[in-house]
Amino acid sequence: MNIFVAKLNYRTTSEELQRQFEAFGEVSSAKVIFDRETQRSKGFGFVEMPDDDAAREAIQALNESEFDGRTIVVKEARPKTETY
DNA sequence: ACTGAGCGG
């Protein structure tokens with residue numbers, strides 16, 4: 001299951017994101033989106049969890065929870081930008 | 001003083 005995580009602290013990294021979700025289950029991939037030019041975080045990221053059950057648990061538990069000093073938003077991600 | 005809504009490659 002793909003998970004979208006928003007309102008992250010700009011200091012938060014993919015590692016911290018992954019660690020956070022690993023507390024609820026297996027994480028196949030996690031990453032914070034950084035601006036390619038400024039190398040600064042865009043304030044949101046994505047986490048992919050193979051176990052849908054664990055994913056839902058993680059969403060429930062982490063959505064609107066405090067992470068790195070910010071209240072984050074966690075929800076199921078949309079399909080990746082369909083490139084045309 | 002950046003930087004707060006939002007879906008990446």
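Each chain gets a letter, A, B and so on, in the order its sequence line appears, and its residues count up from 1.
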Asks: If you pin A:Asn9 and A:Asn2 to their nearest nucleotides in DNA chain B, which one's is more 5'?
Replies: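 By nearest-heavy-atom nucleotide position, the 5'-most residue is A:Asn9.
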Asks: Taking all non-hydrogen atoms of both residues into account, name the closest pair between A:Glu26 and A:Pro50 and its distance.
Replies: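 For A:Glu26 versus A:Pro50, the nearest heavy atoms are O-CD, 3.4 Å.
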Asks: Name the nucleic acid region contacted by A:Leu8, choosing base, sugar-phosphate or nothing; use a 4.0 angstrom heavy-atom cut-off, strictly under.
Replies: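 A:Leu8: base contact, heavy atoms under 4.0 Å.
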Asks: Whole-Å distance between B:dT3 C1' and A:Asp35 CG?
Replies: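 For the pair A:Asp35 CG and B:dT3 C1', the rounded distance is 13 Å.
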Asks: Roughly, in whole Å, what's the span from CZ in A:Arg40 to P in B:dC2?
Replies: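 Checked: the CZ to P distance equals 10 Å.
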Asks: Is it true that a side-chain atom of A:Ser41 and a backbone atom of A:Phe34 form a donor plus acceptor pair closer than 3.5 Å?
Replies: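 No, because the side chain of A:Ser41 does not come within donor-acceptor range (under 3.5 Å) of the backbone of A:Phe34.
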Asks: Between B:dG4 atom C1' and A:Ile72 atom CD1, what is the distance in whole Å?
Replies: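 Distance, rounded to whole Å: 14 Å.
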Asks: For the pair made of CD in A:Glu37 and P in B:dG9, what is the distance, rounded to whole Å?
Replies: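 Those two atoms, CD and P, are 12 Å apart.
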Asks: Ignoring hydrogens and geometry beyond distance, is the side chain of A:Lys80 in donor-acceptor contact with the base of B:dG9 at under 3.5 Å?
Replies: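 Side chain to base: pair present.
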Asks: Do A:Asp35 side-chain atoms and A:Arg40 backbone N/O form a donor-acceptor pair below 3.5 Å?
Replies: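 Answer holds: no.
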Asks: So which nucleotide from B:dG6, B:dA5, B:dG9 ends up closest to the side chain of A:Tyr10?
Replies: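 Shortest atom-to-atom distance from the side chain points to B:dA5.
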Asks: Distance check needed: B:dA5 P versus A:Lys75 NZ, whole Å only.
Replies: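 Those two atoms, NZ and P, are 12 Å apart.
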Asks: Between B:dG9, B:dC7, B:dA5, which nucleotide has the shortest distance from any of its atoms to the side chain of A:Ile33?
Replies: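 Among the listed nucleotides, the one closest to the side chain of A:Ile33 is B:dG9.
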Asks: Just checking A:Glu76: base, sugar-phosphate only, or nothing, at a heavy-atom cut-off of under 4.0 Å?
Replies: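 Base contact - A:Glu76 has a heavy atom under 4.0 Å of at least one base atom.
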Asks: Can you tell me which nucleotide in B:dG6, B:dG4, B:dC2 comes closest to the side chain of A:Phe4?
Replies: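 Nearest to the side-chain atoms of A:Phe4, counting from C-beta on, is B:dG6.
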Asks: Taking only Lys NZ, Arg NE, NH1 and NH2, and the carboxylate oxygens of Asp or Glu, determine whether A:Glu66 and A:Arg70 approach each other closer than 4.0 Å.
Replies: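 A:Arg70 and A:Glu66: not salt-bridged.
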Asks: Tell me the interatomic distance from A:Arg11, atom CZ, to B:dT3, atom P, rounded to whole angstroms.
Replies: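 The answer, rounded to whole Å, is 14 Å.
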Asks: Would you say the side-chain atoms of A:Glu16 pair up with the backbone N or O of A:Thr13, donor to acceptor, closer than 3.5 Å?
Replies: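 Side chain of A:Glu16 to backbone of A:Thr13, a donor-acceptor pair under 3.5 Å: yes, one is there.
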Asks: Using atom CZ of A:Arg70 as one end and atom P of B:dA5 as the other, report the distance to the nearest whole Å.
Replies: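 The distance from CZ of A:Arg70 to P of B:dA5 comes to 9 Å, rounded to the nearest Å.
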Asks: Indicate syn or anti for B:dG6, taking the glycosidic torsion and treating anything within 90° of 0 as syn.
Replies: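 Judged by the O4'-C1' to base torsion, B:dG6 sits in syn, the angle falling within 90° of 0.
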Asks: Rounded to whole Å, how long is the line connecting atom CZ of A:Phe46 with atom P of B:dG6?
Replies: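 That distance rounds to 14 Å.
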